[in-house]
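A quick write-up on the structure given underneath.
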Amino acid sequence: MISIAGRSVLITGGGRGIGAAAAFALAEAGASVALAARNEQQVVDVAAQLRDRGHTAFAFRCDVTDKRQVRDLALSAREAMGKVDILVNNAGTVTSNPLGRIKLTEWNHIMAVNATGTFLCTQAVYDGMVEQKWGRIVNVASIAGLEGGRYIAAYTAAKHAVIGLTRAVAAEAAGTGVTVNAVCPGYVDTPLTDETIARIMRRTGKSWHEATHSILEGAGQPRLIRAEEVAEAILNLCVESASDTNGQFVILDGKDTP
Ligand code: NDP
């Protein structure tokens with residue numbers, strides 16, 4: 001059983017999908033967790049489920065695009081748990097449109113949540129981690145952070161920024177006891193992907209099965225990844241023995257499974 005007992009974790013976007021799965025995985029490995037999202041009720045519910053299972057969990061409302069809210073979140077998480085050892089930058093969102101139809105507001109929003117949010121949250125906890133000579137930052141990027149895909153230019157640019165930030169901060173952190181890594185999943189079975197499939201169904205008249213098949217085929221992915229698989233990859237980057245893994249990314253595309 002992997003252990004991160006005694007560690008304190010802050011997870012953005014912890015109310016559903018990958019963030020909620022990461023909260024369960026890291027709490028079950030012995031950590032205290034603080035969850036943040038804009039929809040306070042969702043993180044409150046996940047934290048309550050964790051406490052019902054005997055874990056220590058807290059919930060906070062925060063929009064990661066707002067510097068003041070992020071600063072308050074870092075303070076609240078430290079106050080609740082005493083420290084922040086692990087940050088999972090998971091909050092993210094996606095839209096899809098051909099290049100010509102991407103509005104500037106859409107571009108700015110996708111960049112703000114995925115890239116700027118990751119920057120702000122990292123900045124808010126990084127010095128504390130360096131001071132305590134131990135820290136793990138795991139950025140939930142995407143395969144879209146490594147290669148281009150059709151109709152997701154804003155998301156692809158934002159996730160490439162997340163990978164760039166991961167590499168740059170990892171270089172800065174080298175030798176401090178803090179590591180910065182990323183996970184890069186393909187399509188994961190979460191509410192975000194449900195929305196993507198629903199959008200395709202609306203636009204094309206395809207059935208759920210056809211729309212799901214089309215995104216998987218386009219990505220060369222044999223199946224949807226489970227959120228728990230991503231959570232496990234996140235946990236593996238947080239353990240003591242991962243101290244030499246820095247500036248790396250883990251790809252989860254389901255291609256190794258039959
Ligand atoms: P979900 O939509 O299921 O969950 C996203 C979470 O992020 C929610 O808790 C949401 O809460 C939160 N969030 C969104 N915007 C903000 C914001 N501005 N401030 C704070 N929290 C925010 O998505 P997934 O679980 O699928 O995705 C999680 C991460 O994984 C994202 O970064 C996504 O890009 C990435 N990813 C997802 C893949 C997929 O196929 N699902 C594939 C590859 C990467 P709320 O709305 O209440 O704020």
Side-chain angles (χ1 to χ4, degrees), residues 10-25 33-47 59-70 72-74 77 87-96 108-122 124 138-147 149 152 154-163 165-166 182-200 211-212 215-216 218-219 221 223-231 233-234 249-254:
L10 174 58
I11 303 175
T12 65
R16 56 180 189 261
I18 294 168
F24 279 97
V33 297
L35 309 172
R38 292 165 307 172
N39 179 334
E40 194 168 15
Q41 194 54 52
Q42 287 194 338
V43 274
V44 164
D45 288 348
V46 174
F60 301 102
R61 194 174 63 75
C62 175
D63 182 336
V64 297
T65 67
D66 183 314
K67 185 173 177 178
R68 190 186 50 76
Q69 289 187 39
V70 169
D72 291 348
L73 170 66
L87 168 67
V88 181
N89 275 313
N90 167 75
T93 191
V94 68
T95 54
S96 54
N108 285 341
H109 178 65
I110 295 297
M111 294 302 282
V113 180
N114 294 285
T116 309
T118 300
F119 157 68
L120 289 174
C121 293
T122 300
V138 182
N139 296 328
V140 182
S142 166
I143 286 180
L146 304 170
E147 55 190 56
I152 49 168
Y155 184 71
T156 301
K159 290 301 191 185
H160 272 66
V162 171
I163 292 293
L165 182 72
T166 303
V183 292
C184 296
Y187 284 104
V188 184
D189 189 5
T190 70
L192 191 74
T193 298
D194 290 342
E195 275 175 37
T196 300
I197 293 169
R199 201 162 43 233
I200 293 169
T212 306
I215 59 167
L216 291 177
Q221 230 182 285
R223 62 176 176 88
L224 287 175
I225 312 295
R226 286 178 298 109
E228 291 73 19
E229 294 173 76
V230 186
I234 293 169
F249 51 85
V250 178
I251 295 174
L252 294 104
D253 56 13

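Counting starts at 1 for both ligands and their atoms, following the listed order. Heads up: numbering here begins at 1 and tracks the sequence. All of these numbers come straight from a predicted model, not from anything done at the bench.
Shown in contact with Gly17 at under 4.0 Å from a heavy atom are these atoms of ligand 1, numbered in order with element: 3 (O), 25 (O). Remark: ligand 1 atoms within the under-4.0 Å shell around heavy atoms of Asn39 are 45 (P), 47 (O), 48 (O). Each of the following atoms of ligand 1 lies closer than 4.0 Å to a heavy atom of Cys62: 19 (N), 20 (C). Listed by number with element, the atoms of ligand 1 under 4.0 angstrom from any heavy atom of Thr193 are 39 (C), 40 (O), 41 (N). The atoms of ligand 1 that sit less than 4.0 Å from any heavy atom of Val140 are 29 (C), 30 (O), 32 (O), 35 (C). Shown in contact with Tyr155 at under 4.0 Å from a heavy atom are these atoms of ligand 1, numbered in order with element: 33 (C), 34 (O), 35 (C), 36 (N), 43 (C), 44 (C). Close contacts between ligand 1 and Pro191 involve ligand atoms 3 (O) [criterion: under 4.0 Å to a heavy atom]. Of all atoms in ligand 1, listed by their number and element, those nearer than 4.0 Å to a heavy atom of Ile18 are 25 (O), 30 (O), 37 (C).
Counting heavy atoms closer than 4.0 Å to ligand 1, residue Val64 contributes atoms from both its backbone and its side chain. Contacts between Ala227 and ligand 1 below 4.0 angstrom, taking non-hydrogen atoms only, are absent altogether.
Of the possible donor and acceptor atoms, none in the side chain of Asn90 sits under 3.5 Å from a partner among the backbone N and O of Ile11. Although no hydrogens or angles enter the test, the distance criterion places a donor-acceptor pair under 3.5 Å between the side chain of Asn114 and the main chain of Thr93. With hydrogens and angles ignored, the 3.5 Å screen pairs no side-chain donor or acceptor of Gln69 with any backbone N or O of Cys62. With hydrogens and angles disregarded, no donor-acceptor distance shorter than 3.5 Å links the side chain of Thr193 to the backbone of Tyr187. Between the side chain of Lys159 and the backbone N or O of Cys184 there is no donor-acceptor pair closer than 3.5 Å. Of the possible polar contacts, none joining the Asp189 side chain to the Ile225 backbone as a donor-acceptor pair under 3.5 Å is found.
Residue contact check for ligand 1: Glu195 places no non-hydrogen atom closer than 4.0 Å to it. At a 4.0 Å cut-off, at least one heavy atom of Ala141 sits close enough to ligand 1 to count as contact. By the 4.0 Å heavy-atom criterion, Gly186 is counted among the residues contacting ligand 1. A heavy-atom separation below 4.0 Å is not found between Thr12 and ligand 1. The closest approach between a heavy atom of Val94 and any atom of ligand 1 is not below 4.0 Å. Between Gly117 and ligand 1 there is no heavy-atom distance shorter than 4.0 Å.
Of the protein's non-hydrogen atoms, Gly92 O, 3.9 Å is the one closest to atom 5 (C) of ligand 1. The protein non-hydrogen atom at the shortest distance from atom 12 (C) of ligand 1 is Gly13 CA, 3.5 Å. Remark: minimum distance from atom 23 (O) of ligand 1 to any protein heavy atom is reached at Leu192 CB, 3.3 Å. Among protein heavy atoms, atom 10 (C) of ligand 1 sits closest to Arg16 NH2, 3.6 Å.
Between Asn89 and Thr122, the side chains place a donor N or O and an acceptor N or O closer than 3.5 Å (distance only, hydrogens not considered). Judged by distance alone, the side chains of Asn139 and Thr166 do bring a donor and an acceptor atom under 3.5 Å apart. Between the side chains of Arg199 and Ser96, at least one donor N or O sits under 3.5 Å from an acceptor N or O.
Remark: ligand 1 and Ala36 share no N or O pair separated by less than 3.5 Å (distance only, no angle test). Of the N or O atoms in Lys159, one or more lie within a sub-3.5 Å distance of an N or O in ligand 1. Residue-to-ligand polar distances keep Thr65 apart from ligand 1: every N/O pair is separated by 3.5 Å or more.
The heavy atom nearest to atom 21 (N) of ligand 1, out of those in Ala91, Ala20, Ala22, is found in Ala91. Selection from Asn90, Asp63, Asp189, Thr93 by nearest heavy atom to atom 18 (N) of ligand 1 gives Asp63.
Cys121 is listed as a side-chain neighbour of Leu87, based on a closest heavy-atom distance under 4.5 Å.
Closest heavy-atom contact between Val70 and Ala124: CG1-CB, 3.9 Å.
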List the steps and the verdict of salt bridge (charged side-chain N to carboxylate O under 4.0 Å, His left out) for Arg223 and Glu229.
CA-CA 13 Å; Arg223 62 176 176 88; Glu229 294 173 76; 2.9 Å; yes
